[in-house]
Amino acid sequence: MCGIVGYKGKDEAYSILIDALKKLEYRGYDSAGIAIWQNNKIVVERNKGKVDDLRKIASKNILKGKMGIAHTRWATHGTPSERNAHPHKVGDVVVVHNGIIENYMDIKERLHQIGHEFSSDTDTEVIPHLIISYLEKGNDFVEAIRLTLKELQGSYAVAIMRENERILVAAKKESPLIIGLGDDEFYLASDVPAIINKTNRFIFLEDNDMAVFRDDKILLMNTEGENIERKINTVNWTGAMAEKGGYKHFMLKEIFEQPRAVSETLLGRFKEEKGEVDFEELTLPELKNVKKIWMVACGTSYHACMIGKHMFEANLRIPVETDIASEFRYRNPIISKNDILILVSQSGETADTIAAMKEGKRSGAYTLSICNVLGSTLAREADGVIFTHAGPEIGVASTKAFTTQIAVFFLLMLHMANKLGKMDNDEVRGMISEIKKIPHKIQSILEHTSSLEEIARRYMTSKDFLYIGRGIHYPTVMEGALKLKEISYIHAEAYAAGEMKHGPIALIDEKLPVAVISPRDQTYIKTCGNIEEVLARRGRVILFTDDPQHEMAKRVDNIFTIPETIYELLPILCVVPLQLIAYYIANLLGTDVDQPRNLAKSVTVE
Ligand code: M6R
């Protein structure tokens, strides 16, 4: 979704801003723009298309100045076009904005009646117009912004400049915005990876915060006009972590990073001699009073929740309900104050998941987020947080976030099962030894990818794919199908294998590749039956199993063997070849793997 960057300091702003915009490209966007404050004037360049196109246009102009703001836009109000691209300049005020101003029609109508002319279709344009209207009433620049922000309903992260005033103002409400602290210089960005090569010291702005950068100082205040203080956080990510490191795409790099990502997520969690999993940072409610656990998320993170449900219900014997975050609050869920609501999100900024957390808080439930991004809204605002330590995930298709989320669910399940007396320390110790082997097992899959490339070549021209699995493998096939459709644009459907004969079996013919997960576990016999059904209709089976002697091995078109592990951890191993097949197909088709069409990395609007 939209991205904001800003700079005020001792260096030329132009290349710093373009460089940071490039790093925000992964979030998804359709137009880009930049504004540089130079000699009391502000020069704006913007266009539809990529940051590289903007660079070509902007380089015709000499953009020199040590303060500026820039933006990548993901269209919500108004088509992708130059006139709708940010920055929006009205009079001498220039604004970039992320989020949605819900009352923009009312404001626009009111300002129109007093003579304001609008030149875009965006909701954003009302912001500079409102600021101008407050300036005309005699307010100073900062006060005019503050009064404007108080009128806005909806969500915003904004960066604002004015000609003849060497001040940069930033503010946020329900859209992310962070400040990077350099040596006598300040950065603004929508997320950490955009500026991690410049600094690792950040202030994470909170809702209704404003930051005023004047001379070499920052004044932090809220929209009530009160001075506030915010902590400076040090993030241990490095610039190199947000680079491709020799891989063709971020997605491929991130798939190959999974052994390290899972290892780091496990680090420091075990008291092995005692047979305990440690979540010292959490103050969970009294578990014996917990009547229900909710797991709520979007997309890939939702699939992790479905896997979490299998683990928790089987081992804790507490009912678990999973929900797609965008549906959750609209069905008026019956949440009790003795429930635990687990919100899962790589970015920690997904608007629907944040709204679900708020719903949980209103009901008095304990909210616990599983997040990858330090300082993100879900990490800050939930009652408890567990971080996945996947490192920055740049590819729009989520990969290492998913496997680390499953690892966290597994650890949390062990911790809770032990506390509830459902698993003794010896059992926990046994389970710990299984998950400790997982990074090495992922590595062994990653060392044998040539057959997956071959499978990709064989089926890359297929129009449709079917993915089937049972039990804990059903969410894994959903994840495999999501990976394929989002980056290759091939239609892929996932079904619980037992559901096939209730409809989708009608699709099967000799042209349909059917990916099946069938390890030798409690789902084995039934899934063999489902493979028979596919073969009887001449479907092309791609089998993923931990058993090279699988009874269907000789009859299927393709078989890929994964290492053995316990049932709960199979999804981590099974999903890796599915991620790779999706990647190889998309790469062969030449799609934009890291920034697939129409998609955004961080979905910050509902
Ligand atoms: O940052 P989040 O985990 O909250 O994001 C949720 C989804 O938007 C995300 O998983 C999306 O489905 C990915 N593109 C999947 O690859």
Side-chain angles (χ1 to χ4, degrees), residues 1 3 26-29 74 174-176 190-193 249-252 254-255 258 261 295-308 322-328 342-357 368-382 385-388 390-406 408-409 467 475-489 492 494 575-576 578-583 586 591-606:
M1 301 240 126
Y26 78 98
R27 294 164 65 95
Y29 71 107
W74 190 87
E174 291 172 22
S175 272
S190 296
D191 63 27
V192 169
H249 294 103
F250 279 111
M251 181 182 177
L252 189 61
E254 288 158 8
I255 292 171
Q258 291 179 107
M295 299 177 178
V296 183
C298 298
T300 289
S301 299
Y302 173 67
H303 298 152
C305 289
M306 292 175 73
I307 290 166
T322 55
D323 257 279
I324 293 171
S326 57
E327 292 290 323
F328 184 62
I342 303 181
L343 295 310
V344 182
S345 175
Q346 186 284 130
S347 61
E349 297 296 351
T350 300
D352 283 310
T353 313
I354 293 171
M357 174 188 64
L368 171 63
S369 63
I370 298 176
C371 277
N372 193 41
V373 178
L374 192 89
S376 60
T377 305
L378 282 164
R380 279 188 284 108
E381 294 186 8
V385 56
I386 304 175
F387 286 105
T388 48
E393 191 180 68
I394 309 286
V396 162
S398 190
T399 52
K400 59 180 180 170
F402 181 66
T403 41
T404 54
Q405 287 163 355
I406 300 171
V408 166
F409 269 126
Y467 286 70
T476 312
V477 293
M478 289 176 76
E479 176 58 12
L482 175 62
K483 288 290 87 83
L484 184 68
K485 63 189 139 194
E486 68 181 332
I487 60 169
S488 72
Y489 317 143
V575 80
V576 176
L578 301 186
Q579 295 167 342
L580 280 165
I581 286 181
Y583 172 79
T591 60
D592 191 348
V593 171
D594 284 332
Q595 294 155 45
R597 67 184 184 202
N598 307 335
L599 287 178
K601 178 68 184 165
S602 178
V603 183
T604 51
V605 295
E606 292 176 21

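These figures come from a predicted structure and were not determined experimentally. All ligand and atom numbering here is 1-based and tracks the order in the structure.
Close N/O approach between Gly348 and ligand 1 is not found [any backbone or side-chain N/O within under 3.5 Å]. In terms of polar-atom proximity, defined here as any N/O pair under 3.5 Å, Gln405 makes no such contact with ligand 1.
Protein heavy atom closest to atom 13 (C) of ligand 1, with residue, atom name and distance, is Val396 O, 3.7 Å. Taking atom 5 (O) of ligand 1 as the reference point, the nearest protein heavy-atom neighbour is Thr350 OG1, 3.5 Å. Protein heavy atom nearest atom 1 (O) of ligand 1, with residue, atom name and distance: Ser347 OG, 2.7 Å. Considering only non-hydrogen protein atoms, atom 12 (O) of ligand 1 sits nearest to Gly299 CA, 3.3 Å. From the protein, the heavy atom lying nearest to atom 8 (O) of ligand 1 is Val603 CG2, 4.0 Å.
Atoms SG and CD, from Cys305 and Gln405 in turn, are 7.5 Å apart once rounded to the nearest 0.5 Å. In this structure, OG1 on Thr353 lies 10.5 Å from CZ on Phe328, to the nearest 0.5 angstrom. Going from atom CH2 of Trp74 over to atom NZ of Lys601 covers 14.5 Å, rounded to the nearest 0.5 Å.
Less than 4.0 angstrom separates some heavy atom of Ser345 from each of these atoms of ligand 1: 1 (O), 2 (P), 3 (O), 4 (O). Atoms of ligand 1 found under 4.0 Å from any heavy atom of Glu486 (numbered from 1 in listed order, with element): 13 (C), 14 (N), 15 (C), 16 (O). For ligand 1, the atoms closer than 4.0 angstrom to any heavy atom of Ala397 are 16 (O). For ligand 1, the atoms closer than 4.0 angstrom to any heavy atom of Thr300 are 10 (O), 12 (O), 15 (C), 16 (O). Those atoms of ligand 1 with a heavy atom of Cys298 less than 4.0 angstrom away are 6 (C), 7 (C), 10 (O). Of all atoms in ligand 1, listed by their number and element, those nearer than 4.0 Å to a heavy atom of Lys483 are 15 (C), 16 (O). Listed by number with element, the atoms of ligand 1 under 4.0 Å from a non-hydrogen atom of Ser301 are 2 (P), 3 (O), 10 (O).
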Quiz item: Which is it for Ile307 and Phe402 under the side chain to side chain contact (heavy atoms under 4.5 Å, CB included) test, yes or no, and what are the steps along the way?
Solution: CA-CA 10 Å; Ile307 290 166; Phe402 181 66; 3.6 Å; yes
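Side chain to side chain, Asn598 and Tyr489 fail the donor-acceptor criterion of an N or O pair below 3.5 Å. Checking Glu349 against Thr377 by side-chain atom types alone, a donor-acceptor pair falls below 3.5 Å. Judged purely by distance below 3.5 Å, without hydrogens or angles, the side chains of Lys483 and Thr300 pair a donor atom with an acceptor atom. Ser301 and Gln346 share no side-chain donor-acceptor pair at under 3.5 Å.
Looking only at distances, a side-chain donor or acceptor of Thr591 sits under 3.5 Å from a matching main-chain atom of Ile487.
Assignment of Thr353 to the shell around ligand 1 is not supported, since no heavy atom sits closer than 4.0 Å.
Of the residues listed (Gln258, Lys400, Glu254, Glu479), the one engaging Gln579 in a side-chain hydrogen bond (donor to acceptor under 3.5 Å, both in side chains) is Gln258, and it is the only one.
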